[in-house]
Amino acid sequence: MSDETPICSAKGCRADAVWVLAWNNPKIHTPERRKTWLACDEHREHLSQFLGVRGFLKDVVPLVEWESRETPAS
């Protein structure tokens, strides 16, 4: 894992990310594939709505929970 602090994916935002928005575009991705955007508290709802109205949003998870899913237990 990188030592860099994850940053929000909203255009122009440099705030620390605290949410992971997991999504996929069913026209180009297989059903199990998950792309991710990161969001700060301020932009979580806006980014979720952007993905949601397109039918892309699959899950919104706190970043710490997502990272614990991605890191295999020792």
Side-chain angles (χ1 to χ4, degrees):
M1 176 178 253
S2 170
D3 288 337
E4 292 183 32
T5 302
I7 301 298
C8 180
S9 298
K11 186 175 181 177
C13 185
R14 303 303 303 156
D16 292 352
V18 292
W19 297 96
V20 174
L21 286 68
W23 63 277
N24 98 1
N25 179 341
K27 291 182 180 179
I28 60 174
H29 301 127
T30 58
E32 66 280 351
R33 173 114 187 250
R34 292 294 179 267
K35 305 279 287 177
T36 57
W37 282 357
L38 302 176
C40 63
D41 281 329
E42 181 181 347
H43 291 110
R44 180 183 64 91
E45 186 63 31
H46 171 74
L47 294 173
S48 294
Q49 287 179 355
F50 180 89
L51 293 168
V53 298
R54 290 159 179 79
F56 295 174
L57 187 62
K58 302 300 179 193
D59 203 4
V60 179
V61 180
L63 179 61
V64 294
E65 183 180 322
W66 184 268
E67 289 176 336
S68 70
R69 289 183 191 178
E70 298 293 310
T71 306
S74 300

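Keep in mind it's a predicted model, so treat the numbers as computed, not measured.
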For residues [X] and [Y]: do they belong to one hydrophobic cluster (side chain heavy atoms under 4.5 Å, members Ile, Leu, Val, Met, Phe, Trp, Tyr)?
X	Y	result
Trp66	Val60	no
Leu57	Trp37	yes
Phe50	Leu21	yes
Leu63	Trp23	no

Side chain proximity check, [X] to [Y], heavy atoms < 4.5 angstrom:
X	Y	answer
Cys13	Glu42	no
Val61	Arg69	yes
Cys40	Trp19	no

Next on the checklist: With a 3.5 Å distance limit and no angle check, can you tell me whether Asn24 reaches the backbone of Glu32 through a side-chain donor-acceptor pair?
Outcome noted: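 Checking the backbone N and O of Glu32 against the side chain of Asn24, no donor-acceptor pair under 3.5 Å is found.
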Item to check | Ser9 side chain to Leu38 backbone, donor-acceptor under 3.5 Å | outcome: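 Flag set: sc Ser9 to bb Leu38 pair under 3.5 Å.
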Checklist entry - Under 30°, 30 to 60°, or over 60°: which ring-plane class applies to His43 and His46, parallel, tilted or perpendicular? => result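 Correct class here is perpendicular.
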Next on the checklist: Other residues, nucleotides and ligands only: do more than 12 of their heavy atoms fall within 6.0 Å of CD on Glu65?
Outcome noted: yes
Checklist entry - So with a 6.0 Å cut-off around NE2 of His29, is the heavy-atom count from everything else above 12? => result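 Atom NE2 in His29 is packed in, count exceeds 12.
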